[in-house]
Amino acid sequence: MIELDDVSYNYGGGELLSGISLTLPPGSFHFLTGPSGAGKTTFLKLCYGDLLPTGGRVSAFGKDMRDMDRDDIARLRRRVGVVHQDCAFLDHLSVEDNVALPLTVSGRDPQGEEANLNELLAWVGLSAQARSFPPELSGGERQRAALARAVIMAPEIIIADEPTGNIDWEMSLRLLTLLVELNRMGKTILIATHDLNLIRTAKQQVQARVLRIRNRDLQLAGADL
Amino acid sequence: MSVAADILNVLRGDPQADRVVPPTGHTAWLTLFTSGAMAFLAVFALALSLATDRLAERWSSELARSATVRISAPAGQEEAQLRAALRVLEETPGIASARVLEDSEQRALLEPWFGPDLPIDALPIPRMIDVIEDDAGYDAEGLRLRLTAEAPGAVLDDHTRWRRPLVEAASRLRTLGVVSILLIGLATAAMITLAAQASLAANAQVIRVLRLVGARDVYIARAFVRRFTLRALSGAAVGTVLGAVAIALLPRASAEGGFLTGLGFQGLHWLWPLAIPPLAAIVAFWSTRIAAFRSLRELM
Ligand SMILES: Nc1ncnc2c1ncn2[C@@H]1O[C@H](COP(=O)(O)OP(=O)(O)O)[C@@H](O)[C@H]1O
Ligand SMILES: [Mg+2]
């Protein structure tokens, strides 16, 4: 679904990632780990077209991102659900409207899909907070709202950037359960995290592969985790 | 026509899409105020153009039959000199026609100054010949010399010839009016571009989020275009109404009114200012659209 071929990336101060090749097959579950500043967020951004590689090529759904125009990128983002590290909400809209935002901007009427939306909010446990505003949510609630927004378009791939970054263990497990459920429904999952406990727990529930960024390169971590 | 359809579409809007960009305070008022002020000025520039157009037309048509020849001769010779003068005029190239004015016509000319009860027969009123020149015009100095030779009592009075440079000035003024309207349009475009850019920059974070969740550029641009088009339209509508009222309240132009009192709209010309608000909307539509697409490409 997403393919990287000899990809490198450079913000201008030397290569951050180099010579990375990877294929994310449909229905796979991947963790991406590595120390802070290793380039996890950068790697994910390359996967959903927020950054273009400075070397090599990235393709999504069989299409080279370099050949995509801005509208193609917009359409790609409707097929790839992303939980951003900072959640990226619109603070002047309610949680419900934020979750429905991908529907709104793609010209679909959220009112027509209200049942869907309510079900989704119930699934992430935010029915009571539907009319709150993002700044009023706790860290865990924000992450779950971001996950709900990432999946509302029924994307084939879900990418999450440190979704359990600063939330407690119980909440992390709840989020992991949601992601595992999505994978069982056939979604491709890619999660960046440096929480090794989370990875261990996940491995008991799904066939997860662990990728590690080390020395600008991407390595498949062994079973030793 | 498709621009009009686009604009109508934008104005009809999508309330859902409208909320995704937070409402902005001061750029809204600046846009409203500036388009109002610009529309107000445009009304005057329009009035100026139309008035000078009328003036130039009236003056140049008066120029065509501007000259008169006045015969003031001793009672016995008046008739002979009149005929001699007519003969000279008929032979002069550049004169379309020459006609002796009737008593009643002369009375009408004098009435404004002396009142209707003027005993015209009792006064030594000179006889008058109305001279109409053709497009080429005649040589006034040559004609004067010949008249003096043939009819010493004949005086050529081409008193409205002084208006010729004025007609030129009037049409120059009309051009200036049109140029002013264009400048007002360009200034409006520049102002709306700046306001739109400020608004886009202030909402960079919002735009980034919208792009991340899959919004196309047209969708984001439309939210801004709609706002600025609506503001320009309503601001210009208010400005136009105020400008038109100010023009309507100007003192009435009398029949022989001069330039200043003639500044205004007459008859169907009152429909012209109606074009200002839609034009402002079109200008706003394109300025915002261009500014939005450029900013979007730069933002991310
Ligand atoms: N927009 C940027 N411009 C320049 N450097 C950046 C930018 N974003 C990230 N970096 C740098 O790239 C490195 C990797 O960042 P990031 O991908 O966010 O790492 P991680 O998510 O693994 O913590 C960091 O050193 C960071 O400072
Ligand atoms: Mg990161």
Side-chain angles (χ1 to χ4, degrees), chain A residues 41 44-45 47-52 68-94 96-114 117 133-134 145-146 148-155 159 161, chain B residues 5-28 196-228 288-300:
Chain A
T41 300
L44 296 183
K45 283 181 173 175
C47 292
Y48 58 85
D50 197 14
L51 295 174
L52 283 176
M68 294 187 180
D69 62 20
R70 293 177 60 84
D71 285 352
D72 291 333
I73 294 285
R75 279 184 282 266
L76 168 67
R77 298 208 175 130
R78 297 173 192 177
R79 299 178 69 182
V80 179
V82 181
V83 178
H84 300 275
Q85 193 164 6
D86 62 351
C87 291
F89 290 127
L90 294 183
D91 287 345
H92 68 284
L93 295 182
S94 67
E96 187 177 39
D97 288 339
N98 265 291
V99 170
L101 198 58
L103 293 175
T104 311
V105 303
S106 56
R108 281 157 68 177
D109 181 14
Q111 247 113 55
E113 317 200 16
E114 202 162 87
L117 182 62
F133 288 85
R149 188 182 69 183
V151 300
I152 193 154
M153 296 290 280
I159 292 176
D161 194 355
Chain B
D6 267 6
I7 290 180
L8 281 181
N9 229 349
V10 160
L11 294 186
R12 204 171 306 124
D14 168 2
Q16 200 65 38
D18 234 20
R19 289 188 310 130
V20 300
V21 179
T24 41
H26 70 287
T27 50
Q197 273 169 355
S199 175
L200 285 155
N203 285 297
Q205 205 45 46
V206 171
I207 291 172
R208 188 179 153 70
V209 171
L210 292 175
R211 280 294 298 174
L212 284 177
V213 299
R216 290 161 67 214
D217 285 349
V218 270
Y219 179 88
I220 300 169
R222 206 180 296 138
F224 287 91
V225 167
R226 176 177 145 78
R227 285 179 187 197
F228 281 93
T288 316
R289 200 177 151 88
I290 293 167
F293 278 105
R294 199 178 38 224
S295 297
L296 282 167
R297 272 194 302 274
E298 280 166 10
L299 279 172
M300 58 175 291

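Throughout, protein chains are lettered first and strands after them, A, B, ... in sequence-line order, and every chain is numbered starting at 1.
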Given a strict heavy-atom distance threshold of 4.5 Å, which part of A:Tyr48 is in contact with chain B: side chain, backbone, both, or neither?
-> side chain
Which heavy-atom pair separates B:Asp217 from A:Asp71 by the least distance, and what is that distance?
-> N-OD1, 4.1 Å
In short, A:Ala88 meets B:Val209 closest at the heavy-atom pair O-CG1, 3.4 Å
Closest-packed option against chain B by number of heavy-atom pairs under 4.5 Å, given A:Arg75, A:Met153, A:Arg79, A:Arg78 = A:Arg78
Less than 4.5 Å apart, any side-chain heavy atom of B:Leu212 and any of A:Arg149?
-> no
Any side-chain heavy atom of B:Leu210 within less than 4.5 Å of one from A:Leu101?
-> yes
Step by step, work out the side chain to side chain contact (heavy atoms under 4.5 Å, CB included) result for A:Asp50 and B:Arg208.
-> CA-CA 10 Å; A:Asp50 197 14; B:Arg208 188 179 153 70; 3.1 Å; yes
Taken to the nearest 0.5 Å, the spacing of A:Leu90 CG from B:Arg19 CZ works out to 10.5 Å
So, does B:Arg216 use its side chain to make a donor-acceptor pair with the main chain of A:Ala74 at under 3.5 Å?
-> no
With no hydrogens and no angle check, is any side-chain donor or acceptor of B:Arg211 less than 3.5 Å from a backbone partner on A:Arg70?
-> yes
